[in-house]
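One structure below.
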Amino acid sequence: TGTTRPIRILQFVQRCAKHGDALSVISAIDSFCSKVEWAMNVGDKKGEILDAIVLETRPRWVLELGTYCGYSTVRIARLLPPGARLVTIEMNPHYAQVAKEVIQHAGLEAQVELLVGSSSILIPQLKKKLDIEKFDLVFIDHWKISYLPDTKLLEECGLLRAGSVLLADNVVCPGAPDYLHYVRNSPQYQSQYYQSYLEYLQVEDGLEKSIFLG
Ligand SMILES: CCCNc1ncnc2c1ncn2[C@@H]1O[C@H](/C=C/CNC(=O)c2cc(-c3ccc(F)cc3)cc(O)c2O)[C@@H](O)[C@H]1O
Ligand SMILES: [Mg+2]
């Protein structure tokens with residue numbers, strides 16, 4: 001019974017990244033996952049697109065579905081203006097614990113609310129739990145079959161406003177065909193594909209940015 005991949009990623013971050021330095025945490029994870037062990041982080045190439053969309057959106061409230069080790073949590077949180085908050089939902093307690101320590105190592109715990117549980121249970125509780133009105137940006141990167149049901153749940157719970165941005169990872173690989181069809185054909189969304197590459201590999205993947213029109 002050895003360690004897990006998330007633990008090995010955390011140990012590398014704790015050994016090689018500078019405490020309080022988000023960029024060093026990001027590059028440590030990218031270095032480990034490109035040279036030692038692949039892991040399903042959004043990665044550096046798609047990460048640059050994520051960064052650009054966070055900066056152009058200037059969100060006050062961000063939701064992330066699927067924290068995993070906290071790589072994209074750190075990428076997003078480091079770019080938030082003072083007072084902005086990132087709520088990230090992770091159903092696996094082991095992954096959540098690793099992510100908590102990665103986020104702490106980056107010095108970003110004040111900007112991040114990490115909730116342990118299933119999105120389908122927690123999304124309906126967000127308004128009363130966190131006194132949230134609407135999300136300005138949602139980064140979707142959890143089980144690909146859950147992208148569409150959770151998007152509909154966000155609509156039903158009144159957590160999206162005209163102009164809210166959904167950004168979905170992996171719309172090509174592994175793919176989220178039902179989600180893609182929905183956001184590209186629904187009159188309630190203005191959708192755009194950002195072509196890129198699967199993390200740490202030379203395989204096509206991309207992000208889909210979909211603006212909710214209300
Ligand atoms: C009720 C289930 C849905 N609700 C949920 N609520 C909260 N957390 C949820 C979650 N689903 C999944 N999670 C968590 O998100 C994470 C899951 C992410 C799934 N991601 C992928 O499968 C994925 C997979 C690949 C991949 C690509 C190519 C390949 F050959 C192999 C894998 C690349 C990626 O970038 C990916 O994101 C885990 O931490 C899991 O515990
Ligand atoms: Mg992904």
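For reference, positions follow the sequence shown, starting with 1. First listed ligand is number 1; within each ligand, the first listed atom is number 1.
Within a 4.0 Å radius of atom 30 (F) of ligand 1, the protein has no heavy atom.
Every N/O-N/O distance between T67 and ligand 1 stays at or above 3.5 Å. Considering backbone and side-chain N/O atoms, N170 comes within less than 3.5 Å of an N/O atom of ligand 1. Not a single N or O atom of N41, backbone or side chain, sits closer than 3.5 Å to an N or O atom of ligand 1. For D150, no nitrogen or oxygen atom sits less than 3.5 Å from a nitrogen or oxygen atom of ligand 1, counting backbone and side chain alike. Between W38 and ligand 1, no N or O atom pair is found at a separation short of 3.5 Å.
The Mg ion (ligand 2) forms the vertex of an angle spanning OD1 of N170 and OD1 of D141; to the nearest 10 degrees it equals 90°.
Side-chain N/O atoms of D30 and Y71 include a donor and acceptor closer than 3.5 Å. Between the side chains of Q192 and Y194, at least one donor N or O sits under 3.5 Å from an acceptor N or O.
At least one test fails for K134 against the ring of F212: distance under 6.0 Å to the centre or angle within 45° of the axis.
With contacts defined as side-chain heavy-atom distances shorter than 4.5 Å, the pair L65/S146 does not qualify. With a 4.5 Å cut-off on side-chain heavy atoms, P59 and L80 count as touching. Within the 4.5 Å cutoff, no side-chain heavy atoms of H142 are placed close to those of M91. Looking only at side-chain heavy atoms (C-beta outward), E64 and D141 stay at 4.5 Å or farther from each other. The shortest side-chain heavy-atom distance between I26 and R78 falls under the 4.5 Å cut-off. By the 4.5 Å heavy-atom criterion applied to side chains, L10 and V102 are counted as neighbours. When side chains are defined from C-beta on, L130 counts as touching L115, because their heavy atoms get closer than 4.5 Å.
Using a cut-off of 2.8 Å, one finds that M40 contributes no N/O/S atom close to the Mg ion (ligand 2). In summary, an N, O or S atom of D169 is located under 2.8 Å from the Mg ion (ligand 2).
Closest heavy-atom approach to atom 22 (O) of ligand 1 within the set E90, K144, M91: this belongs to K144. Considering only non-hydrogen atoms, atom 27 (C) of ligand 1 lies nearest to L198 out of L198, L65, D205. When Y68, Y95, Y200, W143 are ranked by how near their heavy atoms come to atom 12 (C) of ligand 1, first place goes to W143. Scanning A168, C173, S146, S119 for the heavy atom closest to atom 6 (N) of ligand 1 points to S119.
With hydrogens left out, the protein atom closest to atom 18 (C) of ligand 1 is D141 O, 3.4 Å, a heavy atom. Of the protein's non-hydrogen atoms, P174 CG, 3.6 Å is the one closest to atom 24 (C) of ligand 1.
Remark: of the listed residues E109, Q14, Q11, Q14 is the sole one forming a side-chain contact (heavy atoms from CB on, under 4.5 Å) with E101.
Contact atoms of ligand 1 toward G66: 15 (O) (distance under 4.0 Å to a heavy atom of the residue). Atoms of ligand 1 lying under 4.0 Å from any heavy atom of E199, numbered from 1 in the order shown and given with element: 33 (C), 34 (C), 35 (O). The atoms of ligand 1 that sit less than 4.0 Å from any heavy atom of S118 are 1 (C), 6 (N).
Ligand 1 is never approached by Y147 to a heavy-atom distance shorter than 4.0 Å. Heavy-atom distances between G117 and ligand 1 reach below 4.0 Å in at least one pair.
Counting non-hydrogen atoms of other residues, nucleotides and ligands closer than 6.0 Å to CG of D131 gives a total of 12 or fewer.
Proximity of D169 to ligand 1, defined as any heavy-atom pair under 4.0 Å, is confined to the side chain (atoms from C-beta onward).
In this structure, R8 contributes its side chain and T3 its backbone to a donor-acceptor pair below 3.5 Å.
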